[in-house]
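Structure first, then comments.
Every chain is numbered from 1 and lettered A, B, ... according to where its sequence line falls, protein lines coming before strand lines. Values in this document were obtained by computation on a predicted structure and should not be read as measured data.
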Amino acid sequence: MHKILILLAAGATLLSANAFAVERGELLASSCMSCHGPGGKSKGAIPSLAGLEKAYFVKSMQDFKSGARPASVMHRHSKGYTDAEYALMGEYFSKLK
Amino acid sequence: MSINRRDFLKVSGAGAATALIAGCATTASGGSPKVVVVGAGYGGATCAKYLRKWGPNIEVTLIEPNDKFVSCPRSNLVIGGLRNMDYLTHSYDNLAKHGINMVKDMVVAIDPAKRTVTTKGGKTFGYDRLVLAPGIDVRTDTVKGYKEAEAASKVVHAWKAGPQTALLRKQLESMPDGGVFVMGIPGTPYRCPPGPYERISLVASYLKKHKPKSKIIVLDSNPDIVSKKPLFTWAWNSFYAGMIEYRGTNAVMGVDGNRMVVSTEFDDIKADVMNVVPRQRAGELCAMAGVRNDASGNWCSVNFTSFESTAVPNVHIIGDSVAAALPKSGHMATNQAKICAAAIVELLAGRQPEAVPVIANTCYSDTSDTTGGHVANVYRYNAEKKAFVDPGGGGATPQGDELNHAYAESWAQNIWAEVLS
Ligand SMILES: Cc1cc2nc3c(=O)[nH]c(=O)nc-3n(C[C@H](O)[C@H](O)[C@H](O)COP(=O)(O)OP(=O)(O)OC[C@H]3O[C@@H](n4cnc5c(N)ncnc54)[C@H](O)[C@@H]3O)c2cc1C
């Protein structure tokens, strides 16, 4: 019994280097929900993000940042994140139903 | 792809092992870790919800004395006569479905050594981690005559949404055409930097339609408009020319409810409606835990990767009570709540929180019954500076429009759902 516990504890320690209960993509994306609605499903004029295709999501963020896609507010928010973070968030939103 | 912790627990099996893994970190009590969240406003309610979402093994207790959630955001629309109190008022019932233990009570004592909080109702709750989200205390003691005038319903701040919001609306309705509405604005930092200027805009919008001979005198402790100055200047000049008299560096020193007079260092001003907002500080709850520890003694210094107090271990503070170069907004409070919840989940499992959290703010402000604008910024944690830093992509709309007016409504509906369902 003791051995198993030590193994489990060691396993937890090993994982601790890079494993989070909350992945970075999900944590970053959680901040968007105040505008885009819980679970990325909006109740009104602001568009929903749940289920957007990853490639479309990433392109949208890049175009908001460059100004290629006109926006009322997303040109400001998009500038706060990197391409790698767009990909992490895009992955997360694509899986929300 | 790394294995996430929930998958790991699934493969490692039963509840006993779960408890032990969590237990080898910080759980004093054994069994599932306990987190107590105090205050179910924008910050606390969101934090409790996400603690349960991200840490399903955590026992979460949320303590709040109010029956219902009443939103400060959008309360200026009620004062301007564009919405009613029902619109601001929301049930807490949906939070229970996340498995949050809701307690209707008020915390009156905290013992950080024993890790307990005690309520007015006489209950004591133990915690492994404590989250404090009491919002602000309005320091009516800093304005001479305020307490008496407030007790007589002659002056209100309406800086906490509720009965004062409804009272201010009523006072505005009974004000005669040609009357004087005086608004006093505290020095920074205070809750919602653009809030006073939005309120002035919507009061003006009402007066222009219904009592056009009336006047608004703005007594600002700050030298100039604190937030979105171009937006509000545009609105005041375009819609309400001649109605608003703005006086910077004019802190309100006293109010007299009998004579209906507001006094500054320079002047005594006769008013029909007195809406004076005093200075603020972190809720008294924070003092109970010994965490109101910044240089001014008014706000709580935290470590920004976890929102844990720099003074007292295992106590986290989120929302308006935090000392930071960040706007004190509901939007910000909900986002701080999420970073804090994720960090607590990691800490309880013996890991370090996310090293580079990113946090965003947006404040929409209506400038009339059809126009609005916003300020939006994204802040990234900088470990060297130990602070959230704005890399510079944000900004504010210089003028209002109908699109932002519509998005402001959508924001409200979505954030209320995000916080409470
Ligand atoms: C007029 C106005 C307009 C605003 N407009 C906007 C806006 O458009 N957008 C925006 O983002 N923000 C806006 N704000 C700011 C926003 O209201 C605050 O920033 C936000 O409420 C802060 O959240 P919080 O969780 O820190 O505090 P709160 O939301 O105030 O919640 C604190 C809770 O703690 C409870 N509490 C306190 N002490 C105890 C205790 N001892 N025991 C138990 N419970 C306790 C209280 O009852 C309360 O429910 C506005 C504010 C005002 C006044």
Side-chain angles (χ1 to χ4, degrees), chain A residues 1-2 4-49 64-67 70-82 84-85 88-89 91, chain B residues 2-6 8 12 17 20-21 24-25 50 53-55 330-331 334-335 338-339 341-342 345-346 349-354 356-360 362 364 374-380 390-395 397 401 403-404 406-407 409-419 421:
Chain A
M1 180 65 185
H2 256 85
I4 295 170
L5 292 179
I6 290 162
L7 275 173
L8 276 171
T13 317
L14 277 176
L15 276 169
S16 73
N18 53 9
F20 287 106
V22 189
E23 298 290 349
R24 184 164 173 82
E26 180 170 1
L27 185 56
L28 290 168
S30 71
S31 109
C32 318
M33 309 308 192
S34 307
C35 279
H36 285 282
K41 286 196 272 290
S42 173
K43 294 183 162 305
I46 297 176
S48 291
L49 299 180
F64 284 137
K65 188 187 264 184
S66 71
S72 68
V73 70
M74 281 308 297
H75 57 308
R76 305 193 205 279
H77 282 285
S78 57
K79 290 193 184 92
Y81 304 85
T82 64
E85 288 167 342
L88 289 176
M89 288 192 279
E91 181 74 30
Chain B
S2 56
I3 308 173
N4 79 25
R5 187 165 140 272
R6 252 167 283 169
F8 174 71
S12 71
L20 266 156
I21 289 169
C24 67
Y50 274 84
K53 184 174 154 78
W54 288 335
H331 195 103
T334 61
N335 284 339
K338 292 168 192 177
I339 294 174
V345 171
E346 305 303 346
R351 290 184 297 256
Q352 287 306 304
E354 168 67 61
V356 191
V358 180
I359 198 165
T362 310
Y364 282 105
H374 71 250
V375 58
N377 296 84
V378 180
Y379 306 85
R380 185 168 288 259
D390 175 4
T397 48
D401 57 30
L403 191 57
N404 276 289
Y407 284 146
E409 176 61 36
S410 180
W411 171 85
Q413 298 300 336
N414 282 330
I415 199 167
W416 290 335
E418 171 68 353
V419 175
S421 69

Side chain proximity check, [X] to [Y], heavy atoms < 4.5 angstrom:
| X | Y | answer |
| --- | --- | --- |
| B:Asn335 | A:Ser34 | yes |
| B:Tyr50 | A:Val22 | no |
| B:Val358 | A:Tyr81 | yes |
| B:Trp416 | A:Lys43 | no |

Calculate, to the nearest 0.5 Å, the distance between atoms [atom1] and [atom2] belonging to [X] and [Y] respectively.
| X | Y | atom1 | atom2 | value |
| --- | --- | --- | --- | --- |
| A:Cys32 | B:Asn414 | SG | CG | 12.0 Å |
| A:His77 | B:Asn377 | NE2 | CG | 8.5 Å |
| B:His331 | A:Cys35 | NE2 | SG | 5.0 Å |
| A:Thr82 | B:Arg380 | OG1 | CZ | 6.0 Å |

Subject >> Minimum heavy-atom distance B:Ser410-A:Ser42, with the two atoms named >> reply: OG-OG, 4.0 Å
**OP:** Might you point out which heavy atoms bring A:Ile46 and B:Trp411 nearest each other, and give the distance in Å?
**Re:** CD1-N, 3.8 Å
Subject >> Residue, of A:Lys79, A:Glu85, A:Arg76, that accumulates the most heavy atom pairs under 4.5 Å with chain B >> reply: A:Arg76
Subject >> Which of B:Ala360, B:Ala341, B:Gly395, B:Pro357 touches chain A most, by non-hydrogen pairs under 4.5 Å >> reply: B:Gly395
**OP:** Could you look at A:Leu28 and say if it's the side chain, the backbone, both or neither that has a heavy atom under 4.5 Å from chain B?
**Re:** side chain
Original post:
Which bit of A:Lys41 comes within less than 4.5 Å of chain B, counting heavy atoms only: side chain, backbone, both or neither?
Top reply: backbone
Subject >> Which residues share a side chain to side chain donor-acceptor pair (under 3.5 Å) with A:Ser30, sequence neighbours left out >> reply: none
**OP:** Let me know if B:Tyr379 has heavy atoms under 4.5 Å from chain A in its side chain, its backbone, both or neither.
**Re:** neither
